[in-house]
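The model shown is predicted, which means the values in this text are computed figures rather than measured ones.
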Amino acid sequence: MTLLRGDWFYVMLIFIDAFFITRPYLYAIQQDNYRITEIFKNKRLSFVYLIDLCTVILFIGIWCIFYFLQTRAFWGFITVLFFFIAEFAMYFMEDLPTRKKPLKYTKRAVRFLLFVSAATTVLVTLAFAIGNAHISQQYLRYLVLFVFPPVYPLMFMVFGTVSNVFERLNNRRYERRTAKRLAANPSLIKIAITGSFGKTSVKNFLSAMLLEKYNVLVTPASYNTPMGISKTVNGLDATYDVFVAEFGARRVGDIKELMKIVKPTYTILTGINSQHLETFRTQDNIIREKCRILGVGENGICVVSGACKDSAENALKNTKRKPQLVYAGLDEQNEFRAEQICTTDNGSDFDIILDGESYYVHTQLIGMHNIENIVLAATMAYKLGVEIPFILDAIEKLEPVPHRMELIHGNGIKIIDDSFNSNPDGARMAIETLSLFEGRKVVLTPGLVELGAQESEENYKLGINMSAVADLVMLVGAKRTDAIRRGLIDGGYGGEIHIYDSLKCAEDDFKDRLHVGDILLILNDLPDIYDEKR
């Protein structure tokens, strides 16, 4: 195994090419906690891979032509050089488009990128050196360089898996440190929030109410994973009275793992539906995993959406040390609830019932699910001793959570930004809220995803619901939204339907489709991995 004079130039090209190829693959798995199998779900990545195969075939054809020339050594070098230039350009351009969620160059991402690139370079260089030793016709060894990109996904899976093993061990160290740090302060009030929807909204509303009495540390944005919570706890000190953590879950075991780290005494279950059914496999798995949030012991308090009452009680049926369950929501059977609700495009007015007493309140927030989220947060704040006047004052001051039923005014058009909504219940409520507005109603949506076997059915129902409200529908992704289109037609929809390959294509068409006085509902905004190529 030897490298010939000048082969180090090829080694450099291999490393640069591996670096650029790795970035879109890394982006794909970063969207789902570095799970390697995500590369098979990324439609855009599959499209780029096909283009790469075509590029390889083209350059192998050129290489074959030059084989019959006496100066093939020179032309072979030129062919390989331009092949790598084409590779660099293709994968560099792949990273240029503006992404809704760009690749985040975290410490883990940088380590992953450098390790996979270096490991790939070593393997290809080794194969190149073996070719030097065993192939008499040196011109044939260039095939190793041409074969490298087509087999790269396999190398990415192998080296990515190795990297993930070490990263997981490193994460465990951080998680143990986080658990010890939280346990070291027994007076700290620890609150965990989970559910299929509404987690971030309830978290933000609750923190606003608790700040009237306590010093509160809250997990920012969607920091709802073990590492996200660990990063937040790094800022914990003795001045904080309360720690509020959002718990995210896409698979069985996620909530169990987070409960071990935080060990909360107070929890909120916002609701359960078929969100992430694709990764949970069954609805029973979703229910069991979400209800793990109730495992706080007999000294704990769990605020539960009234819609989850049966699930919660079934989950605790064989539990000896049961927590105090407090049901809240919109149903009149709940002890803590909202009544006399009047929601318009200017906000919402309602009576909130706290421990049997009724209080009138106004909020600038729109949508029935926002009112339910307010009730859940107010119930926990009340149980933690925040005085009712402070709770009511906090409700009036609440601001919309970005991209969650956020009302935006611009250029004569009202926009209801519900782009972080990707569950059936939230979609239904968003359509109901849209119906309250005056003016031409426009819905822009790529549909609902990760619902497994129920995905087509839920999107069909979404189309039925939209048919009674929308005047113009803009669908992103022809294949994925076909069920919505069928639901619209079967629901008797008589308006316009326009279908686009990507969100950007739809946005570019706004100037021709939207008019002053329109109300645009942006319902769900899928990551780039779901973009379709036609």
Side-chain angles (χ1 to χ4, degrees), residues 42-48 51 93-102 345 366 402-422 426-427 430-431 433-449 455-456 458-460 462-534:
N42 192 317
K43 295 180 174 63
R44 186 177 183 88
L45 192 58
S46 300
F47 175 76
V48 173
I51 297 296
M93 292 297 293
E94 169 59 16
D95 204 44
L96 281 181
T98 301
R99 297 190 183 278
K100 288 160 261 186
K101 290 184 179 180
D345 57 350
I366 61 174
H403 313 299
R404 293 170 173 87
M405 291 302 291
E406 181 182 14
L407 184 60
I408 303 171
H409 297 267
N411 299 323
I413 296 173
K414 293 179 181 178
I415 301 173
I416 304 174
D417 183 357
D418 202 26
S419 54
F420 273 22
N421 174 17
S422 57
I431 296 298
T433 301
L434 178 64
S435 68
L436 301 173
F437 285 70
E438 297 292 335
R440 193 175 72 132
K441 301 170 182 63
V442 183
V443 180
L444 168 63
T445 183
L448 305 172
V449 298
E455 186 170 300
S456 179
E458 291 296 344
N459 278 309
Y460 178 81
L462 177 60
I464 293 288
N465 291 334
M466 289 165 54
S467 67
V469 176
D471 300 301
L472 169 64
V473 175
M474 306 174 75
L475 302 177
V476 179
K479 294 180 181 178
R480 186 176 52 252
T481 60
D482 183 64
I484 298 177
R485 183 188 61 81
R486 289 188 285 104
L488 285 166
I489 294 173
D490 292 348
Y493 176 73
E496 297 179 58
I497 302 175
H498 297 277
I499 302 175
Y500 306 88
D501 287 343
S502 67
L503 177 64
K504 186 180 184 305
C505 293
E507 290 174 340
D508 290 342
D509 202 31
F510 280 173
K511 61 182 182 298
D512 295 323
R513 303 296 174 193
L514 301 182
H515 312 296
V516 173
D518 286 353
I519 303 93
L520 171 64
L521 170 62
I522 303 176
L523 182 60
N524 201 3
D525 182 6
L526 299 178
D528 302 86
I529 61 172
Y530 289 101
D531 280 354
E532 292 183 7
K533 293 288 182 179
R534 292 192 295 179

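Taking all atoms of both residues into account, the shortest heavy-atom contact from I499 to R485 is CD1-CD, 4.2 Å. Heavy atoms only, all atoms of each residue included: S419 and D417 are closest at OG-OD1, 2.7 Å. Nearest heavy atoms, L488 versus G463: CD2-O, 3.4 Å. Closest approach of Y493 and A470 over heavy atoms only: CE1-O, 3.2 Å. Annotation for I366 and M405: closest pair CG1-O, 3.9 Å, computed over non-hydrogen atoms. Here the closest heavy-atom approach between residue S456 and residue A483 is recorded as O-CB, 3.4 Å.
With values rounded to the nearest 0.5 angstrom, L448 atom CG is found 5.5 Å from L462 atom CG. One finds the NE2 atom of H498 at 10.0 Å from the CG atom of L475 (value rounded to the nearest 0.5 Å). Taking CD1 of I416 as the reference point, atom CD of E406 lies at 11.5 Å (rounded to 0.5 Å). Interatomic distance, CD1 of I489 versus CD1 of I464, reported as 10.0 Å (0.5 Å rounding). The distance from the CG atom of L521 to the CE atom of M474 is 12.5 Å, given to the nearest 0.5 Å. With rounding to the nearest 0.5 angstrom, the CD1 atom of I431 is 7.0 Å from the CG atom of N465.
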Could you please spell out the steps behind the side chain to side chain contact (heavy atoms under 4.5 Å, CB included) verdict for N459 and R486?
-> CA-CA 9 Å; N459 278 309; R486 289 188 285 104; over 6 Å; no
Using distance only, find each side-chain donor-acceptor pair of residues 440-447 under 3.5 Å and give its atom names and separation, not counting sequence neighbours.
residue, atom, partner, partner atom, Å
R440, NE, D518, OD1, 3.2
R440, NE, D518, OD2, 3.3
R440, NH2, R513, O, 2.4
R440, NH2, D518, OD2, 2.7
K441, NZ, F437, O, 2.9
K441, NZ, G439, O, 3.2
T445, OG1, G447, N, 2.9
T445, OG1, L523, O, 2.8

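Under the 3.5 Å distance criterion, the side-chain polar atoms of R480 are matched with a main-chain donor or acceptor of V476.
Applying the 6.0 Å contact sphere to CG of N411 captures no more than 12 heavy atoms from other residues, nucleotides or ligands.
A donor-acceptor contact under 3.5 angstrom links the side chains of Y460 and D490, judged on distance only.
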